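What you are looking at is a predicted structure, and each value in this text was computed from that prediction instead of being measured.
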Amino acid sequence: YTHGFDLSWPQCHGHAARYMPSGRPAYAILGLTHGTGHTVNPCLGSQLRWARAYHVRVGGYLVASYPTHRQRLRANHGFFGRCHGQLLCMLRNDGARQAVDALRILHRHHMRSPMVWLDVEFRHTHAWTHSNRRNRAVIQGMVRTLRHLHKRFGVYTTGYMWRSLLGRYRLMVPQW
């Protein structure tokens, strides 16, 4: 048993990290995104400086989200090819872009995360659809892209949220 922390944009004040754990936790999983895909945690740099100052091991996670109309239009071509307006293809392309965006953040901050966690939760903003099939397409885009790039990953969710959003879709990966 080890004790670690999930730290991200809720612990931010502008670009500064606030409410950081006291002592020296064994690890911290840092949010790469700012609550949705295609965003950046504004105080990730500050949180990393804290972790490095206290010699805390770090990992990274991204918050998966259903794309906006504009994001879907931009995803008409991408990792899964040209979509010609096919919604599921655009959703997979957007999921792939969310994964790539998060990996770019990881590399830009020189984070050596042994794996990336996909945070799949109910959203108040950028809400998921009521269609398990559509939601699944976004996650499938992320999963196929991370596997293609040989990046280890796991899922951060609850069974209830996973089933509500994705139905019976199963992944044989670590769950946090």
Side-chain angles (χ1 to χ4, degrees), residues 2-75 78-79 90-91 93-128 135 138-139 141-143 145-146 148-158 161-162 165 173-176:
T2 59
H3 188 77
F5 290 89
D6 166 356
L7 303 167
S8 190
W9 56 271
Q11 287 80 29
C12 292
H13 181 74
H15 293 283
R18 292 183 63 183
Y19 310 112
M20 301 305 282
S22 59
R24 292 179 67 183
Y27 66 91
I29 308 298
L30 304 178
L32 303 170
T33 59
H34 187 218
T36 62
H38 310 296
T39 61
V40 179
N41 172 358
C43 63
L44 179 60
S46 178
Q47 291 170 341
L48 272 170
R49 284 188 293 281
W50 166 84
R52 289 173 179 150
Y54 289 94
H55 306 286
V56 176
R57 292 180 304 207
V58 296
Y61 75 92
L62 65 116
V63 179
S65 60
Y66 193 81
T68 65
H69 178 71
R70 179 175 283 151
Q71 290 166 339
R72 289 191 305 270
L73 291 177
R74 270 186 263 151
F79 186 79
M90 292 188 299
L91 294 172
N93 275 340
D94 187 78
R97 285 185 177 172
Q98 287 185 50
V100 168
D101 286 352
L103 292 178
R104 284 186 182 134
I105 295 166
L106 190 77
H107 294 291
R108 188 177 319 128
H109 286 276
H110 306 287
M111 284 180 65
R112 287 186 170 81
S113 179
M115 63 188 309
V116 173
W117 296 94
L118 304 179
D119 185 343
V120 181
E121 299 184 51
F122 296 139
R123 309 276 319 131
H124 297 291
T125 59
H126 286 73
W128 292 95
N135 297 336
V138 175
I139 301 302
M142 294 176 146
V143 166
T145 301
L146 291 169
H148 176 78
L149 296 173
H150 306 288
K151 184 65 179 174
R152 290 184 56 218
F153 67 95
V155 174
Y156 173 75
T157 191
T158 67
M161 285 191 279
W162 184 267
L165 296 171
V173 298
Q175 183 180 351
W176 164 30

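- Within the 3.5 Å criterion, the main-chain N or O of Val173 finds no donor-acceptor partner in the side chain of Arg152.
- Between Asn41 and Leu32 the shortest side-chain heavy-atom distance does not fall below 4.5 Å.
- A donor-acceptor pair is defined here as one N or O able to donate and one able to accept, closer than 3.5 Å; no such pair exists between the side chain of Gln11 and the backbone of Met20.
- Trp176 and Tyr156 have tilted rings, their planes meeting at an angle from 30° to 60° on a 0 to 90° scale.
- With contacts defined as side-chain heavy-atom distances shorter than 4.5 Å, the pair Leu146/Leu118 qualifies.
- Residue pairs satisfying the side chain to side chain donor-acceptor pair (under 3.5 Å) criterion with at least one member in residues 58-67, sequence neighbours excluded, are listed as follows: Asp6-Tyr61.
- Arg112 is linked by a side chain to side chain contact (heavy atoms under 4.5 Å, CB included) to nothing, counting only residues two or more places apart in sequence or in another chain.
- Residue pairs meeting the salt bridge (Lys or Arg N to Asp or Glu O under 4.0 Å) criterion with at least one member in residues 49-74: none, sequence neighbours excluded.
- The closest side-chain heavy-atom distance from Pro67 to Arg97 is not below 4.5 Å.
- Two residues are said to be in side-chain contact when any heavy atoms from C-beta on lie closer than 4.5 Å; Ile29 and Leu7 fail this criterion.
- The environment of Tyr54 atom OH is sparse: at most 12 non-hydrogen atoms of other residues, nucleotides or ligands sit within 6.0 angstrom.
- Trp128 places a side-chain N or O within 3.5 Å of a backbone atom of Glu121 that can act as its donor or acceptor partner.
- Two residues are said to be in side-chain contact when any heavy atoms from C-beta on lie closer than 4.5 Å; Asn135 and Val120 fail this criterion.
- Evaluation of the disulfide bond (SG atoms under 2.5 Å apart) test over residues 3-37, restricted to residues two or more places apart or in two chains, returns Cys12-Cys43.
- Partners of Asp94 by side chain to side chain donor-acceptor pair (under 3.5 Å), not counting sequence neighbours, listed by chain and number: His38, Gln98.
- Using a 4.5 Å cut-off on side-chain heavy atoms (C-beta onward), Thr145 and His148 make no contact.
- Between His109 and Leu30, every side-chain heavy-atom pair lies at or beyond the 4.5 Å cut-off.
- A donor-acceptor contact shorter than 3.5 Å links the side chain of Ser113 to the backbone of Gly60.
- A side chain to side chain donor-acceptor pair (under 3.5 Å) check over residues 12-25, counting only residues at least two apart or in different chains, returns the pairs His13-Arg18.
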